[in-house]
Protein chains: 2
Amino acid sequence: MTIGLAHAELIAVLSAVTGDEPRVMTVRSGDALPSGPFELGHRSLQAGLREWVGDQTGHPLGYLEQLYTFADRDRTHEDAEGRTISISYLGLVREQAAPGAGKPGWHGWYEYFPWEDHRGGRPEIQAAITDRLQDWVTSETARREHRQRRVDFAFGLDGAAWNEDLGLQRYELMYEAGLVTEAGCPPAKNFGRSMFADHRRILATGIARLRAKIKYRPVVFELMPESFTLSQLQRTVEALAGLTLHKPNFRRLIDQQELIEETGEATSETGGRPAKLFRYRHAVLEERALSGSKLPLSRN
Amino acid sequence: MTIGLAHAELIAVLSAVTGDEPRVMTVRSGDALPSGPFELGHRSLQAGLREWVGDQTGHPLGYLEQLYTFADRDRTHEDAEGRTISISYLGLVREQAAPGAGKPGWHGWYEYFPWEDHRGGRPEIQAAITDRLQDWVTSETARREHRQRRVDFAFGLDGAAWNEDLGLQRYELMYEAGLVTEAGCPPAKNFGRSMFADHRRILATGIARLRAKIKYRPVVFELMPESFTLSQLQRTVEALAGLTLHKPNFRRLIDQQELIEETGEATSETGGRPAKLFRYRHAVLEERALSGSKLPLSRN
DNA sequence: GCCGGATATACTCACTTCGAGTATAAAAGG
DNA sequence: CCTTTTATACTCGAAGTGAGTATATCCGGC
């Protein structure tokens, strides 16, 4: 019996935040995500990727999480002796440990997804996108209603609120509607910077996953330096979520979670009143979070 | 350059709920999860699995979601020409469409994880488990504190509340502490029924994922028949979560989500007052849910 | 036919959480 | 010393959540 033989490949979405700009590590001048073959010598996928990232970038990798495994037919290796299976990972790199961040190799998320940054309100480009999506909705009578609901929900139209977690759905809608060059549309009709093969889709997956995760697990701290101010922390979260947050409530949220503690020092680099410095309470690391139950429990 | 060649295998965690018992489809009299090679003819992994499940079981597969991809060294294929990559999926099967449920092939979740069912309060077996875990905690001085926190958090001890989502963490702790035969411990010291290779770990992954998911996406309905009563729905959720829920609050939660509507009919099969029958509002299917923001937004 | 058991359904209330706004403190610079 | 800027602290009402109680409708036994 023929057991499915395949080429195994690892693809990484490595992110860092510099100032208020979320960035991703790229190769080929920003056209592709770093990837490499899964070598036989590695203990596991995770270990393989860590090793490989360490060699290639010199940045120690903090948090690492599997994203998704793809094996669609169009991903078949050219000299196909079997097809290619791509296993993608999300990795977080601390700002200070990423000297390359800001230099070539690291590109801003919103270069690829300009419509995902809502920190300055709805970005202008979004109107153009939703106009084109509306054409796509109207162009078919059969699934029209269904398409309309998907667009409205994903982009926060018609009463629905903008939900930052839906980045992948938004990209997939645009792909279906032929608004990205990866779907075969002419470069003129493209929105955002495109990438090699399905790398932009994988990046969207990583962004969506991270945006969802920061809400129920303290992963932001994997991106922060050893000590930081509350404003820095807030700006980092805002950069990731692509949203502006309510400052007093953000602070309340943070300290009622008891995730951080004062270092005792302060910094006056920020301009106004000096800000206290905090550090992450590592004791809490693996436990904690995973907060809400959402199910109406019965205490008997 | 040697591109990593590997064997690709699909493993499925197929679940259904009959009455108040959550079940999983198994092969080898309950010793293993169904699995098979990833054939080259398939369009994608997802399509490959759907086809394969259809052929093997005759049950149409509703919801299907990727779980995790494993490729640890100990999973190497015997006549190793490369190693085996296992891609696991979680699938949900509707009760009525699964005539085999209850018959051989389908086994109850809690046969494998008796400590995960808290519907009748803390199960007795848990005390024995945590006693043994406590020995494991005390046996090492170096990481003792860390281990203690992990155990307390995972099993809801020392002030922490029981969290049904942590099934995977609990199994992994037991594995580390040598309380399951899969870790090489003698059968006498085993807790719960063990499985082939790492299949029980994969099942734990599936259960944990599903338990987490029912809180923010309406996936329960993939397990319900066309029409159902609110009590049936509640019992299904309780079966999955391994918890008892507060009836009035459960009903409030359900109808404020507007996920279901009355069929107009009622059933008196349950004994007391006849219960109204409801159906899932399919219109809502892809949108909706993904409820809470958890981030303190600013409206400017 | 009436009554108790069983199940379904409906309503109330206190407490916590959350969104939103306002007020005070401490630095820098003209 | 007064304004600007950033940091920090407090308040309030609306909404959500945990928990309990009350009413409705069937069945079966007497």
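When reading the values below, keep in mind they use all heavy atoms of this one structure, side chains included, and skip hydrogens, waters and symmetry mates. Numbers restart at 1 for each chain; the letters A, B, ... are given by sequence-line order, proteins then strands.
Electrostatic pairing of Glu164(A) and Lys215(A) counts as a salt bridge here, judged by a charged N lying under 4.0 Å from a carboxylate O.
Considering only the side chain of His246(A), dG21(C) comes nearest among dA7(D), dG21(C), dA19(D). In this structure, the nucleotide among dT8(D), dT25(D), dT9(C) sitting nearest to the side chain of Pro274(B) is dT25(D).
Looking at Arg279(B), its side chain never comes within 3.5 Å of a backbone N or O of Glu261(B) through a donor-acceptor pair.
Heavy atoms only, all atoms of each residue included: Asp20(B) and Arg119(B) are closest at O-NH1, 2.6 Å. Shown here for Leu90(A) and Arg209(A), the closest heavy-atom pair between the two residues is CD2-CG, 4.4 Å.
With a 6.0 Å radius and a threshold of 12 heavy atoms from other residues, nucleotides or ligands, Glu145(A) has its CD atom at or below the threshold.
Both Leu253(A) and Arg273(A) sit near DNA chain C, but only Leu253(A) has its closest nucleotide nearer the 5' end. Mapping Asn249(A) and Asn249(B) onto DNA chain D by nearest heavy atom places Asn249(A) closer to the 5' end of the strand. The 5' end of DNA chain C is approached more closely, in terms of each residue's nearest nucleotide, by Arg252(A) than by the other of Arg252(A) and Gly272(A). The residue among Arg251(A) and Pro248(B) whose nearest nucleotide of DNA chain D is located toward the 5' end is Arg251(A).
Counting to the nearest Å, the C1' atom of dG18(D) and the CD atom of Gln256(B) are 13 Å from each other. Distance CG (Asp255(B)) to C1' (dA8(C)): 14 Å, rounded to an integer number of Å. If you take CG of Leu233(A) and P of dT8(D), they are 12 Å apart, rounded to a whole angstrom. One atom, CD of Glu262(A), and another, C1' of dA9(D), lie 13 Å apart when rounded to the nearest Å. Look at CG on Leu243(B): it is 13 Å from P on dG18(D), rounded to the nearest Å. Going from atom CD of Gln257(B) over to atom P of dT17(D) covers 9 Å, rounded to whole Å. dC26(D) atom P lies 12 Å from atom NZ of Lys276(B), rounded to whole Å. When rounded to the nearest whole Å, the span between CZ of Phe278(A) and C1' of dT8(D) equals 9 Å.
Residue Lys247(A) is classed as a base contact, given a heavy-atom separation below 4.0 Å to a base. Ser231(A) comes within contact range of the sugar-phosphate backbone alone, with a heavy-atom separation under 4.0 Å but no base atom that close.
Applying the 4.0 Å criterion to OP1 and OP2 of dA7(D), one finds that Gln234(A) has every side-chain N and O outside that range.
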